[in-house]
Each structure stands twice: as structure tokens, then as C-alpha cells.
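Worth knowing before you read on, the calculation uses all heavy atoms, side chains too, and leaves out hydrogens, waters and symmetry mates. Since we're looking at a predicted model, the values are computed, not measured.
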Amino acid sequence: QVQLVESGGGLVQPGGSLRLSCAASGRTFSDYAMGWFRQAPGKEREFVALINRSGSFTIYADYVKGRFTISRDNTKNTMYLQMNSLKPEETAVYYCASRARTWSSQNANDYDTWGQGTQVTVSS
């Protein structure tokens, strides 16, 4: 299976931006559909965005649409999440996940492999 490592989290002020990265290794990255999820303290893991294997198709959760952008560079074995206009309630651990299918899913249970997560804290 592919191994995933997230990076790019940190502390940002409300309204600020962060770019998360998810580096993959071990298998052919372009064989995997990918997704971003997040989990806040005391809450369930929730869907953020997904992207298919080629990067030609994306879906966003309504609460991030227009502010977040998911992308991938299969030549660099890396997926990204550009997050703009961040809100305090978006403080969470952000996870990337992969599944060995052409199409991604909004259901966390459909993913085979997860990264360790990266903490994003939105606070003044």
C-alpha cells in the first residue's frame, strides 16, 4: 500500500491561509484516488475534499467550497489542500487518505490508507 505523510499545518489567524501537503510513497501515486478529512476535538472525522486519480475531478464539502482548493501533482507524488479565509471552527487535525480506485469518496470508511495528520489551529 501507499504510505502518506501530511505537512504544512500550524497556527494561523482567522482569515488567514495555509497550504497542506500530503506526500505519498511506496506505490504508484496515480493509481490512488485521494481525499482530505479533518477531525476536531470531541467531534467525528468529517469530509473536506476529494480528487480523482488524474486530478480532473474534485468535490468539496459545502462548508469549504469557494475557500479551499484540492489538487495533486502525480509527478511529485503529492496532493495539496490550499485553505483560504480560515475560521476558528476549522481548527482540527487534517488527514489525507487514499483508496485504490479511480474515483474518490466522501465516506471515510471507503479509504484504505491514512496519514498521521497535521494540526491546523485557527486563532488570534
Side-chain angles (χ1 to χ4, degrees):
Q1 289 189 348
V2 67
Q3 289 82 48
L4 305 173
V5 178
E6 302 95 335
S7 62
L11 174 64
V12 62
Q13 293 187 342
S17 298
L18 280 176
R19 188 195 197 201
L20 305 183
S21 297
C22 174
S25 62
R27 294 295 178 108
T28 303
F29 183 56
S30 58
D31 286 346
Y32 294 85
M34 304 292 294
W36 284 102
F37 292 77
R38 67 189 183 190
Q39 188 167 18
K43 295 188 176 181
E44 293 188 353
R45 191 168 298 190
E46 65 179 10
F47 167 73
V48 175
L50 62 81
I51 190 166
N52 70 338
R53 294 195 306 180
S54 68
S56 62
F57 181 80
T58 59
I59 292 179
Y60 297 90
D62 287 343
Y63 33 82
V64 305
K65 199 173 295 182
R67 298 184 297 116
F68 289 16
T69 302
I70 188 173
S71 62
R72 66 190 294 166
D73 186 340
N74 287 344
T75 66
K76 296 182 178 180
N77 296 338
T78 304
M79 176 178 67
Y80 305 98
L81 185 68
Q82 177 67 44
M83 306 186 294
N84 299 329
S85 302
L86 283 160
K87 306 173 182 179
E89 57 265 36
E90 295 181 309
T91 293
V93 177
Y94 284 70
Y95 297 90
C96 64
S98 67
R99 65 192 304 254
R101 303 287 190 276
T102 298
W103 299 103
S104 292
S105 169
Q106 297 184 42
N107 187 340
N109 293 328
D110 290 337
Y111 288 82
D112 308 310
T113 301
W114 293 80
Q116 84 289 349
T118 185
Q119 176 70 47
V120 172
T121 302
V122 185
S123 175
S124 55

Check for a donor-acceptor pair, side chain of [X] on one end and backbone N or O of [Y] on the other, with a separation under 3.5 Å.
{"X": "Glu6", "Y": "Gly117", "answer": "yes"}
{"X": "Thr78", "Y": "Lys76", "answer": "yes"}
{"X": "Thr118", "Y": "Ser7", "answer": "no"}

Give, for atom [atom1] of [X] and atom [atom2] of [Y], the distance between the pair rounded to the nearest 0.5 Å.
{"X": "Arg53", "Y": "Thr102", "atom1": "CZ", "atom2": "OG1", "answer": "3.5 Å"}
{"X": "Ser85", "Y": "Arg67", "atom1": "OG", "atom2": "CZ", "answer": "6.5 Å"}
{"X": "Asp73", "Y": "Met79", "atom1": "CG", "atom2": "CE", "answer": "12.5 Å"}
{"X": "Gln39", "Y": "Tyr94", "atom1": "CD", "atom2": "OH", "answer": "12.0 Å"}
{"X": "Arg99", "Y": "Tyr32", "atom1": "CZ", "atom2": "OH", "answer": "12.5 Å"}
{"X": "Arg72", "Y": "Asn77", "atom1": "CZ", "atom2": "CG", "answer": "9.0 Å"}

Is the cationic atom of Arg45 (NZ for Lys, CZ for Arg) positioned less than 6.0 Å from the six-membered ring centroid of Tyr95 and within 45 degrees of its normal? yes

I'd like to know whether Val5 forms a side-chain contact (heavy atoms from CB on, under 4.5 Å) with Gln116, so could you lay out the CA-CA distance, the side-chain angles of the two residues, the decisive distance to 0.1 Å, and finally the verdict. CA-CA 7 Å; Val5 178; Gln116 84 289 349; 4.1 Å; yes

Do [X] and [Y] land in one hydrophobic cluster if side-chain heavy atoms of ILVMFWY residues count as linked below 4.5 Å?
{"X": "Val122", "Y": "Met83", "value": "yes"}
{"X": "Phe68", "Y": "Ile70", "value": "yes"}
{"X": "Tyr63", "Y": "Val120", "value": "yes"}
{"X": "Val12", "Y": "Val48", "value": "yes"}
{"X": "Phe57", "Y": "Phe47", "value": "yes"}

CD of Glu89: more than 12 outside heavy atoms within 6.0 angstrom? yes

Please report the shortest heavy-atom distance between [X] and [Y], naming the atom on each side.
{"X": "Ser30", "Y": "Asn74", "value": "CB-ND2, 3.5 Å"}
{"X": "Ala100", "Y": "Asp112", "value": "N-OD2, 3.1 Å"}
{"X": "Pro88", "Y": "Pro14", "value": "CG-CG, 4.0 Å"}
{"X": "Ala24", "Y": "Val2", "value": "CB-CG2, 3.6 Å"}

Could you check whether any side-chain heavy atom of Arg38 comes within less than 4.5 Å of a side-chain heavy atom of Val64, counting everything from C-beta outward? yes

Candidate pair Leu11 and Ser123, rule side-chain contact (heavy atoms from CB on, under 4.5 Å), full reasoning: CA-CA 7 Å; Leu11 174 64; Ser123 175; 4.2 Å; yes

Which is it for Tyr111 and Leu50 under the side-chain contact (heavy atoms from CB on, under 4.5 Å) test, yes or no, and what are the steps along the way? CA-CA 11 Å; Tyr111 288 82; Leu50 62 81; 4.1 Å; yes

Apply ring pair (Phe, Tyr, Trp, His ring centres under 6.0 Å) to the pair Phe37 and Trp114, showing each step before the final yes or no. CA-CA 10 Å; Phe37 292 77; Trp114 293 80; 5.1 Å; yes

Establish, from distance only, whether the side-chain atoms of Asn84 and Ser17 form a donor-acceptor pair under 3.5 Å. yes

